Amino acid sequence: VWVSAATHVVGDRRHRITTHRIYECIQGHSGRTAFPEVDAAYWREVEATQRWKMFDRLRTVPTVHASPLTVELSPGARCNAWFVTGVAADQLTVSMIDGTTTVYSKTLSMARRNTQSWSDYFFGSFDPVRIALDDGMPMIATAMIRFEFTSSTGTVSVGKCMVGRSVSLGSTEVGADLDAENYSQITRSDIDGTVTNLVQRRNVPRNAMTVWFDPDDVDILLSVRESLAATPAMWSAMGNRRDNPYFSSLSVFGFYERFRITADGLTAGRLSLEIKEL
């Protein structure tokens, strides 16, 4: 824990109880009383603390905990939707409790096995379902929302866990593009083009799609575009249809790079979306 006026050397890491953040000393000092979050010459922010990593919208470091992991949130506002991403667990149960009454409960399996042959059916491994969401909770401002993650392997991992309000942008047109930006580095010889070094890094999904909407909703779309400028959010082209094979690939926690509205007429409007994962 960070302590005011203490002595620190370069590389020391301390966390602030108030901000739930971890900071690293970048310049040795003694006797300073300024908080690390406002003392940039001496401290740099590293990440959220373990408990709060899953709520950090600007970073992709998961919370890892022994199974079971129970998370209880009291939003203090009316929320009808929840989502989790980056999940490594066997099962997830989400409940909304108002006082002593459970007014909503949903249990989901977070493991699947894609089989293309009889051999896969009998001997194939199970892969984690990393995304889940739903927008069917009753909107009760005083309710508590409980997430219970369980796993037979002993630990669970949660990248993001958030609640809020859902907004329908319209109907996604068939033909969405599932693209990705490859941040791996490939070094080739200047002489014959032979690969001399490969540095593998993650692919960042980028989805492009067309959405058709009711022209009466154009002001809602404009409001969404304004409020989510450079702001990560969950975008799901398939809604909460987990049975659709494109559900996971078309559900992205990220930000929009294109949000272009075309006034095609009085019967339908066209929205061109490009979403990039955080």
Side-chain angles (χ1 to χ4, degrees), residues 20 48-115 124-140 142-167 205 207 232-254 275 277-278:
H20 309 292
T49 54
Q50 172 74 342
R51 181 179 296 185
W52 288 79
K53 287 177 181 177
M54 70 176 79
F55 308 120
D56 189 346
R57 291 201 302 174
L58 302 180
R59 290 170 178 80
T60 54
V61 181
T63 292
V64 181
H65 193 274
S67 177
L69 168 61
T70 301
V71 180
E72 294 182 348
L73 304 177
S74 297
R78 300 184 188 278
C79 300
N80 72 323
W82 59 265
F83 75 85
V84 293
T85 65
V87 177
D90 295 336
Q91 183 174 284
L92 165 64
T93 297
V94 183
S95 307
M96 174 181 274
I97 303 166
D98 185 29
T100 59
T101 303
T102 300
V103 295
Y104 167 94
S105 183
K106 184 178 287 288
T107 298
L108 303 173
S109 172
M110 298 301 291
R112 67 181 172 193
R113 183 172 59 180
N114 294 325
T115 58
S125 60
F126 284 86
D127 297 321
V129 179
R130 299 201 174 271
I131 295 178
L133 59 87
D134 189 40
D135 61 354
M137 291 192 302
M139 291 195 287
I140 304 174
T142 57
M144 180 266 287
I145 303 170
R146 176 183 295 148
F147 295 81
E148 298 174 273
F149 302 88
T150 57
S151 177
S152 60
T153 61
T155 60
V156 298
S157 178
V158 183
K160 292 287 174 290
C161 176
M162 297 188 182
V163 299
R165 296 280 291 271
S166 66
V167 178
N207 294 346
M234 169 55 70
W235 305 80
S236 178
M238 307 309 300
N240 58 9
R241 295 165 55 193
R242 295 179 76 245
D243 58 334
N244 190 289
Y246 289 109
F247 170 79
S248 292
S249 55
L250 284 174
S251 298
V252 173
F253 178 70
I275 309 298
E277 187 176 271
L278 185 66

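Side chains included, hydrogens not; waters and symmetry mates left out as well; all remaining heavy atoms used. Quick caveat, the model's predicted, so the values are computed rather than measured. Numbers here are sequence positions counted from 1.
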Inset, instruction - Please lay out, stage by stage, how Leu92 and Val87 fare under the test side-chain contact (heavy atoms from CB on, under 4.5 Å). - result: CA-CA 9 Å; Leu92 165 64; Val87 177; 6.0 Å; no
Inset, instruction - Write down the atom of Ile97, the atom of Thr100, and the distance for their closest heavy-atom approach. - result: CG2-C, 4.3 Å
Inset, instruction - Indicate the ring-plane relationship of Phe253 and Phe83, choosing parallel, tilted or perpendicular according to the 30° and 60° boundaries. - result: tilted
Legend entry - Atom pair OG/CE of Ser251 and Met238 - distance to nearest 0.5 Å: 8.5 Å
Inset, instruction - For the residue pair Pro138 and Met96, establish whether any side-chain heavy-atom pair is separated by less than 4.5 Å. - result: yes
Inset, instruction - Report yes or no: do Thr93 and Thr107 form a side-chain donor-acceptor pair below 3.5 Å? - result: yes
Legend entry - Thr49 OG1 to His20 NE2 distance, which is reported to the nearest 0.5 Å: 6.5 Å
Inset, instruction - For Ser151 and Val156, work out which heavy atoms get closest and say how close. - result: CB-CG1, 3.5 Å
Legend entry - side-chain contact (heavy atoms from CB on, under 4.5 Å) between Val158 and Phe147, worked out: CA-CA 11 Å; Val158 183; Phe147 295 81; over 6 Å; no
Inset, instruction - Would you mind reporting whether Gln50 and Thr63 have side-chain heavy atoms less than 4.5 Å apart? - result: yes
Inset, instruction - Calculate, to the nearest 0.5 Å, the distance between atoms CE and OG belonging to Met137 and Ser105 respectively. - result: 12.0 Å
Legend entry - Gap separating the CZ atom of Phe149 from the OG1 atom of Thr70, nearest 0.5 angstrom: 9.5 Å
Legend entry - Heavy-atom closest contact (Ile131 atom, Ser248 atom, distance): CD1-O, 3.9 Å
Inset, instruction - Measure across Gly239 and Leu133 and return the closest heavy-atom pair with its distance rounded to 0.1 Å. - result: O-CD1, 3.3 Å
Inset, instruction - Pick out which of Met162, Met54, Lys160, Arg130 makes a side chain to side chain contact (heavy atoms under 4.5 Å, CB included) with Thr85. - result: Lys160
Legend entry - Side chains of Asp134 and Tyr104 in contact at under 4.5 Å (non-hydrogen atoms): yes
Legend entry - Worked check of side-chain contact (heavy atoms from CB on, under 4.5 Å) between Ser236 and Phe247: CA-CA 8 Å; Ser236 178; Phe247 170 79; 4.2 Å; yes
Legend entry - Separation of Arg165 CZ from Cys79 SG (nearest 0.5 Å): 8.0 Å
Inset, instruction - Could you tell me how the ring of Phe55 sits relative to the ring of Trp52: parallel (under 30°), tilted (30 to 60°) or perpendicular (over 60°)? - result: perpendicular
Legend entry - Which atom of Asp90 lies closest to which atom of Ser152, heavy atoms considered: OD2-N, 2.6 Å
Legend entry - Distance in Å, Glu72 CD paired with Ile145 CD1, rounded so as to fall on 0.5 Å steps: 11.0 Å
Legend entry - Donor-acceptor under 3.5 Å (Asn207 side chain, Glu277 main chain): no
Inset, instruction - For Ser95 and Thr102, work out which heavy atoms get closest and say how close. - result: CB-CG2, 4.4 Å
Inset, instruction - Check whether any side-chain heavy atom of Asn240 sits under 4.5 Å from a side-chain heavy atom of Asp135, and report yes or no. - result: yes
